[in-house]
Amino acid sequence: MPIFLYVVVGVAAGITSGLLGVGGGIIIIPLLRYLFHFTQHEAQGTSLAILLLPIGLPAVWKYYLGGYVKVPVAAWIVVGFLSGVYGGAVLASDIPDVLLRRLFGVFLLLVALEMIFSHR
C-alpha cells in the first residue's frame with residue numbers, strides 16, 4: 001500500500017479545500033481513479049468515508065474566526081445533506097461504473113464552465 005502517496009493525496013485535497021473552499025472529493029476522487037486505479041464507486045465511497053471524521057474542522061475554525069461562516073445556514077444545509085447523501089448513495093450503487101464516472105466528469109465540466117464564463 002502506497003501510504004505516503006495516500007498522505008500526499010490528503011495534503012493536496014486539504015490545501016485545495018482550505019484555499020478554494022471546495023469539497024475534497026473534487027481532488028480525491030480523480031486522484032484515486034487515475035493514480036491508484038480505483039473504480040468510480042470505490043473512489044466515491046472512499047472519499048465519503050473521509051468526511052466521517054471532522055476533517056475540515058481546522059479550516060472551518062479559521063474561516064469562523066474571520067467571520068466567514070454563517071452557522072445557521074450551515075446547520076440547515078447539514079439537515080438536508082444528511083438525507084440527501086444517503087439517497088445519493090442508494091442511487092449510485094445501482095448505476096454502472098462507467099456511467100457514474102461520466103456523470104461525475106460532466107458535473108465537474110459544468111461547474112468549471114460556469115465558474116469560467118459566469119459574469120456574476
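Counting begins at 1 with the first residue of the sequence.
Heavy-atom minimum distance, Gly25 versus Ser47: CA-OG, 3.4 Å.
At a threshold of 4.5 Å between non-hydrogen side-chain atoms, the residues Thr16 and Ile26 do not count as touching. Side-chain contact between Leu103 and Phe107: absent, with no pair of heavy atoms (C-beta onward) separated by less than 4.5 Å. Side-chain contact between Phe36 and Val9: present, with at least one pair of heavy atoms (C-beta onward) separated by less than 4.5 Å.
Not one N or O on the side chain of Thr46 forms a donor-acceptor pair closer than 3.5 Å with the backbone of Ala43. Using a distance-only test at 3.5 Å, with no hydrogens or angles considered, a donor-acceptor pair links the side chain of His41 to the main chain of Ala92.
Under the 4.5 Å side-chain heavy-atom criterion for Ile, Leu, Val, Met, Phe, Trp and Tyr, Leu82 and Leu91 are members of distinct hydrophobic clusters. Cluster annotation: Phe38 is connected to Leu35 through the hydrophobic network of ILVMFWY side chains, with a link wherever side-chain heavy atoms come within less than 4.5 Å. Under a hydrophobic-cluster definition in which Ile, Leu, Val, Met, Phe, Trp and Tyr are linked whenever side-chain heavy atoms come within less than 4.5 Å, directly or via other members, Val71 and Tyr68 are assigned to the same cluster. Residues Val73 and Trp61 are members of separate hydrophobic clusters, defined by side-chain heavy-atom contacts under 4.5 angstrom among Ile, Leu, Val, Met, Phe, Trp and Tyr. Using a 4.5 Å cut-off between side-chain heavy atoms of Ile, Leu, Val, Met, Phe, Trp and Tyr, with links allowed through other members, Leu5 and Ile27 fall into the same hydrophobic cluster.
Under the side-chain contact (heavy atoms from CB on, under 4.5 Å) rule, Asp97 has a single partner from Gln40, Glu42, Arg102, which is Gln40.
Distance check, rounded to the nearest 0.5 Å: CD of Gln44 to CZ of Phe104 gives 6.5 Å.
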